[in-house]
Asks: 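Once you've had a glance at the structure underneath, I'll fire off some questions.
To find a chain, count down the sequence lines: A is the first, B the second, and so on, and within it residues start at 1.
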Amino acid sequence: MAHKHDPNEKVVYVGDSRIRRHNNVNVPHDYSAYPGKSEAFIPNFLLKEWMVGVVVLVGFLVLVIAEPAPLGYPADPLNSSFIPMPDWYFLFLYQLLKYPYTSGDYLVLGVLGLSGLPFISLLLAPFLDTGKERRFYRRPIASSLMILSLVACTYLTWVSWHHYQEELRINEVTPEHIKRELEAEEAVKKGLPRPVPGKEKIPAMVASDDPTFTETMKEAQCISCHGAELQGGNAPALRGVGDRLNEEEIANVITNGREAMPAFKDQLSKEQIDQVAAWLAKQKAEGAE
Amino acid sequence: MDHKQQQDTAHKPAKRKEMTRRQFLSYTLGGAGAFMAGGAILPMIRFAVDPILQKKEQGAFVKVIEESKVTNEPTEVKFKIHQVDGWYESDPQLAAWISKGDDGKIFALSPVCKHLGCTVHWGGEDPNKYNCPCHGAQYTKDGKNLKVAPKPLDEFEVKTDNGWVYLGPLEPNSRVK
Amino acid sequence: MFKNMYNWIDERLDITPMWRDIADHEVPEHVNPAHHFSAFVYCFGGLTFFITVIQILSGMFLTMYYVPDIINAYYSVDYLQHQVAFGAIVRGMHHWGASLVIVMMFLHTLRVFFTGSYKAPREMNWVVGMLIFFVMLGLGFTGYLLPWDNKAYYATKVGLEIAGSVPYLGEYIKELMNGGTIVGAQTLTRFFAIHVFFLPGALLALLAGHFFMIRKQGISGPL
């Protein structure tokens with residue numbers, strides 16, 4: 001070392017400032033009041049803590065690899081069939097605000113009283129529960145309020161999730177992120193590139209002056225969902241549908257409907273359906289060039 | 001001698017071959033820490049360096065001008081290429097100065113100055129040279145750097161087919177020794 | 001060489017006592033899972049911090065690809081998830097980590113509550129801890145909007161409607177968070193700024209306070 005200091009020297013000069021040199025190692029807190037063995041934070045205790053950390057990390061990575069993060073379709077403010085759901089830890093709040101005394105005229109009560117107050121009392125818990133006693137069974141009021149809230153939150157979350165599942169079932173809706181994954185899988189299986197919603201290239205229309213399109217399909221109001229140019233809207237694009245389905249399958253969908261699409265067997269005659277199906281089956285990407 | 005060294009020597013009175021308990025714990029702690037840091041950070045590092053590891057796509061050739069219109073005098077041609085930049089697709093316009101060399105071969109130069117990246121043009125105040133408006137760099141018709149710039153102008157790969165000239169990706173100038 | 005470098009710095013800044021204080025303090029037996037297995041409940045705080053660190057790191061890396069813009073946000077997320085190597089992993093870490101951090105923090109809060117550890121003299125640390133809880137919920141809420149898919153859009157709309165129902169101030173809060181009257185381009189940039197700069201800044205400050213107080217007051221004693 002460049003400088004030799006007397007180890008007993010109390011003050012070391014650095015430039016013109018003074019830094020006090022401690023010669024006594026920091027005196028740790030006295031835990032002799034607690035029974036049992038105590039041990040140093042590093043390395044003894046931290047090692048045990050990190051063992052737990054390693055286990056959690058491995059579990060976490062397994063989850064991450066097994067279950068990809070969901071991504072639905074691009075936000076569409078006109079989408080009326082989407083069932084909105086917040087992240088799971090807000091579900092209890094979402095459900096709470098659906099009840100008669102927490103919504104409508106009572107929304108203020110719901111938002112401030114039933115949601116705001118518990119949070120504020122949780123924040124101020126140490127000033128509300130001021131007794132010396134620490135054991136939870138000797139603090140019946142605080143503990144029972146907490147347990148009650150836990151039960152309520154669990155129940156509300158469960159009800160909300162259950163309701164969501166029911167709605168999905170009734171409306172025959174598949175959550176978007178799952179639907180999207182299935183679509184991508186299907187496309188990849190067919191050797192097509194993975195579709196990116198909203199960036200698909202829709203092929204041009206084939207035989208657009210055919211009376212099947214200009215008259216029959218106009219009367220049947222196909223364009224109100226599938227778009228005036230059949231480019232898609234609330235329902236999928238029909239340009240290029242011939243690449244996905246054959247004539248028979250298309251006729252079947254028109255006759256009996258599928259998912260959100262109603263059946264047209266009462267509005268269109270058998271011949272009309274066959275005409276439309278034949279025309280739609282011609283809608284292929286290669287024919288559109 | 002400071003107190004840390006004092007302490008170290010005080011704790012290790014004699015050199016022993018086997019590990020002390022403290023050392024063993026420290027190494028295990030270091031190992032566990034390295035595992036946690038690595039498990040969390042390595043995927044992110046791979047994620048971040050992905051652009052340099054992705055395969056570069058070969059640029060396609062673009063039809064720009066009829067062969068018969070190329071003269072010994074450089075002319076500017078503008079053409080569009082399709083560019084995919086991550087999630088962003090665009091068709092930026094590029095420019096090239098195209099002419100026939102003394103050997104009769106068609107070549108196309110990029111107008112990006114090799115000095116600091118301004119755009120050069122043929123002729124102007126100093127005819128029969130490429131002039132750069134920024135710092136006065138000059139190049140010959142073949143793209144040879146005359147002053148200021150350290151390197152000759154880059155060249156587009158050229159292909160002729162059926163009376164048309166096609167331009168491909170940029171490459172270093174091949175006409176100047 | 002490291003030793004010499006360390007000594008050189010130590011001589012000028014006297015850093016030894018700082019880390020010695022952290023390294024050498026004694027940890028009592030009743031929080032050590034190696035002595036009593038039931039003491040694993042004392043691990044949740046540390047695990048919350050560990051996941052938080054993962055969140056901060058993965059978030060920093062995600063912004064290398066993400067753009068907070070309503071036209072490109074969705075496509076940049078799609079790109080980083082499907083076209084970039086390990087993109088699904090890094091985004092997965094951030095997505096699932098967000099849930100895990102809430103779970104861990106929740107368990108930590110319950111542990112502190114049921115062991116009565118928030119009582120004097122640790123009231124302030126409880127309040128800071130609850131503020132951390134709210135900041136985390138805020139991070140979850142603002143982060144949800146960023147991919148700009150239908151789920152993000154409608155959940156944010158509902159959330160802002162709830163904020164708008166607060167008496168007197170509601171409409172102002174809603175418009176301030178919207179950055180206008182609709183959920184759109186300005187909402188997204190606002191939420192991005194809050195998610196990436198404001199709340200993490202607040203979080204780090206609160207965490208520093210939390211840890212400082214733990215170190216100062218020590219762990220609460222056994223029951």
Asks: Go through the atoms of A:Leu150 and report whether side chain, backbone, both or neither lie under 4.5 Å from a heavy atom of chain C.
Replies: side chain

Asks: Taking everything shown except A:Lys37 itself, do over 12 heavy atoms lie less than 6.0 Å from its NZ?
Replies: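 It does not: A:Lys37 NZ has 12 such atoms or fewer within range.
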
Asks: C:Trp96 versus chain A, heavy atoms under 4.5 Å apart: side chain, backbone, both or neither?
Replies: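 Both backbone and side chain.
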
Asks: Give, as side chain, backbone, both or neither, the part of C:Tyr144 having an atom under 4.5 angstrom from any heavy atom of chain A.
Replies: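 It is the side chain, since no backbone atom gets that close.
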
Asks: For C:Ile54, is it the side chain, the backbone, both or neither that has a heavy atom under 4.5 Å from a heavy atom of chain A?
Replies: side chain

Asks: Can you name the closest pair of heavy atoms from C:Gly97 and A:Phe60 and give their distance?
Replies: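 Of all heavy-atom pairs spanning C:Gly97 and A:Phe60, the closest is N-CE1, 3.6 Å.
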
Asks: With no hydrogens and no angle check, do the side chains of C:Tyr153 and A:Asp76 hold a donor and an acceptor under 3.5 Å apart?
Replies: no

Asks: Is any side-chain heavy atom of A:Phe41 closer than 4.5 Å to a side-chain heavy atom of C:Ile22?
Replies: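 In contact.
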
Asks: Could you state the interatomic distance from CE (C:Met105) to OH (A:Tyr89), rounded to the nearest 0.5 Å?
Replies: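 Rounded to the nearest 0.5 Å, the CE-OH separation comes out at 9.0 Å.
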
Asks: Side chain to side chain contact (heavy atoms under 4.5 Å, CB included) between A:Val52 and C:Phe40: does it pass, once the steps are laid out?
Replies: CA-CA 9 Å; A:Val52 180; C:Phe40 74 87; over 6 Å; no

Asks: Name the region of A:Leu122, side chain, backbone, both or neither, that has any atom closer than 4.5 Å to a heavy atom of chain C.
Replies: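 Both backbone and side chain of A:Leu122 come within 4.5 Å of chain C.
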
Asks: Please look at C:Gln83 and chain A and tell me whether the side chain, the backbone, both or neither of the residue comes under 4.5 angstrom of a heavy atom of that chain.
Replies: side chain

Asks: So for A:Glu176, is it side chain, backbone, both, or neither that comes closer than 4.5 Å to the heavy atoms of chain C?
Replies: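 A:Glu176 touches chain C through side-chain heavy atoms alone.
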
Asks: Nearest 0.5 Å, what's the CG-CG distance between C:Asn32 and A:Asn44?
Replies: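 Those atoms lie 9.0 Å apart.
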
Asks: When you look at OH of A:Tyr101, are more than 12 heavy atoms from neighbouring residues, nucleotides or ligands closer to it than 6.0 Å?
Replies: no

Asks: Please classify the contact between C:Tyr79 and chain A as side chain, backbone, both or neither, with a heavy-atom cut-off of under 4.5 Å.
Replies: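 The answer is neither part of C:Tyr79.
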
Asks: Which atoms of C:Ile89 come close to chain A, meaning under 4.5 Å heavy atom to heavy atom: side chain ones, backbone ones, both, or neither?
Replies: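 For C:Ile89, the contact with chain A is made by backbone and side chain together.
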
Asks: Quick check: are there more than 12 heavy atoms from other residues, nucleotides or ligands sitting under 6.0 Å from OH of A:Tyr164?
Replies: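 Result for OH/A:Tyr164: enclosed.
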
Asks: Considering only heavy atoms from C-beta outward, does the side chain of C:Thr115 approach that of A:Arg135 to under 4.5 Å?
Replies: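 No. Closest side-chain heavy atoms not under 4.5 Å.
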
Asks: Checking heavy atoms, do the side chain of C:His94, its backbone, both or neither come under 4.5 Å from chain A?
Replies: neither

Asks: Quick one: what part of C:Leu223 sits under 4.5 Å from any heavy atom of chain A, side chain, backbone, both or neither?
Replies: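 The answer is both parts of C:Leu223.
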
Asks: Which answer fits A:Leu112, side chain, backbone, both or neither, if we ask what part of it has an atom under 4.5 Å from a heavy atom of chain C?
Replies: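 Just the side chain, heavy atoms under 4.5 Å.
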
Asks: Considering non-hydrogen atoms only, spot the tightest contact between A:Asn79 and C:Tyr154 and give its length.
Replies: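 Closest pair (atom of A:Asn79, atom of C:Tyr154, distance): O-OH, 2.9 Å.
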
Asks: Below 4.5 Å from any heavy atom of chain C, which atoms of A:Pro197 appear? Answer side chain, backbone, both or neither.
Replies: both

Asks: Does any backbone or side-chain atom of A:Ala184 lie under 4.5 Å from a heavy atom of chain C? Answer side chain, backbone, both or neither.
Replies: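 Contact with chain C is absent: no heavy atom of A:Ala184 under 4.5 Å.
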
Asks: Given a strict heavy-atom distance threshold of 4.5 Å, which part of C:Ser99 is in contact with chain A: side chain, backbone, both, or neither?
Replies: both

Asks: Indicate yes or no: at least one non-hydrogen side-chain atom of A:Pro126 is less than 4.5 angstrom from one of C:Arg122.
Replies: no

Asks: To the nearest 0.5 Å, what is the distance between CZ on A:Phe119 and CZ on C:Phe133?
Replies: 7.0 Å

Asks: In terms of heavy-atom proximity below 4.5 Å to chain A, should C:Lys151 be classed as side chain, backbone, both, or neither?
Replies: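 Both the backbone and the side chain of C:Lys151 come within 4.5 Å of chain A.
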
Asks: Is C:Tyr75 in contact with chain A via its backbone, its side chain, both, or neither, using a 4.5 Å heavy-atom distance?
Replies: side chain

Asks: Is the shortest heavy-atom distance from the side chain of C:His82 to the side chain of A:Val196 under 4.5 Å?
Replies: no

Asks: Might you point out which heavy atoms bring A:Leu71 and C:Pro147 nearest each other, and give the distance in Å?
Replies: CD1-CB, 3.8 Å

Asks: Which atoms of A:Glu67 are under 4.5 Å from chain C, going by heavy atoms: the side chain, the backbone, both sets, or neither?
Replies: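 Contact with chain C involves both backbone and side-chain atoms of A:Glu67.
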
Asks: Checking heavy atoms, do the side chain of C:Ala23, its backbone, both or neither come under 4.5 Å from chain A?
Replies: both

Asks: Has the side chain of C:Gln81 got a donor or acceptor atom that lies under 3.5 Å from a matching backbone atom of A:Ala69?
Replies: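 Yes; judged by distance alone, with no hydrogens or angles, the pair exists.
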
Asks: Check C:Glu26 against A:Ser38 and note the closest heavy-atom contact, atom names and distance.
Replies: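 Answer, listing the atom of C:Glu26 first, then A:Ser38: OE1-OG, 2.9 Å.
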
Asks: Looking at A:Arg180 and C:Asp78, is there a salt bridge between them, counting it only when a charged N and a carboxylate O are closer than 4.0 Å?
Replies: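 Answer for the salt bridge query: yes.
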
Asks: Contact part of C:Thr109 toward chain A, heavy-atom cut-off under 4.5 Å: side chain, backbone, both or neither?
Replies: neither

Asks: With rounding to the nearest 0.5 angstrom, report the CG to CD distance, A:Leu124 to C:Glu123.
Replies: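 One finds 11.5 Å between CG of A:Leu124 and CD of C:Glu123.
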
Asks: State, yes or no, whether a side-chain contact exists between C:Lys119 and A:Thr130 at a heavy-atom distance under 4.5 Å.
Replies: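 No, side chains not in contact.
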
Asks: By a 4.5 Å heavy-atom criterion (distance strictly below it), what part of A:Pro43 contacts chain C: side chain, backbone, both, or neither?
Replies: neither

Asks: Nearest 0.5 Å please: distance from the CG atom of A:Leu63 over to the NE2 atom of C:His95.
Replies: 9.0 Å

Asks: Got a second to check how far A:Phe90's CZ is from C:Ile102's CD1, nearest 0.5 Å?
Replies: 6.5 Å

Asks: Please say whether the positively charged group of A:Arg139, taken as NZ for Lys or CZ for Arg, lies over the ring of C:Phe114, i.e. under 6.0 angstrom from the six-membered ring centre and within 45 degrees of the axis.
Replies: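 No, A:Arg139 does not sit over the ring of C:Phe114.
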
Asks: Sort C:Val158 into side chain, backbone, both or neither according to what part of it lies under 4.5 angstrom from a heavy atom of chain A.
Replies: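 The answer is the side chain of C:Val158.
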
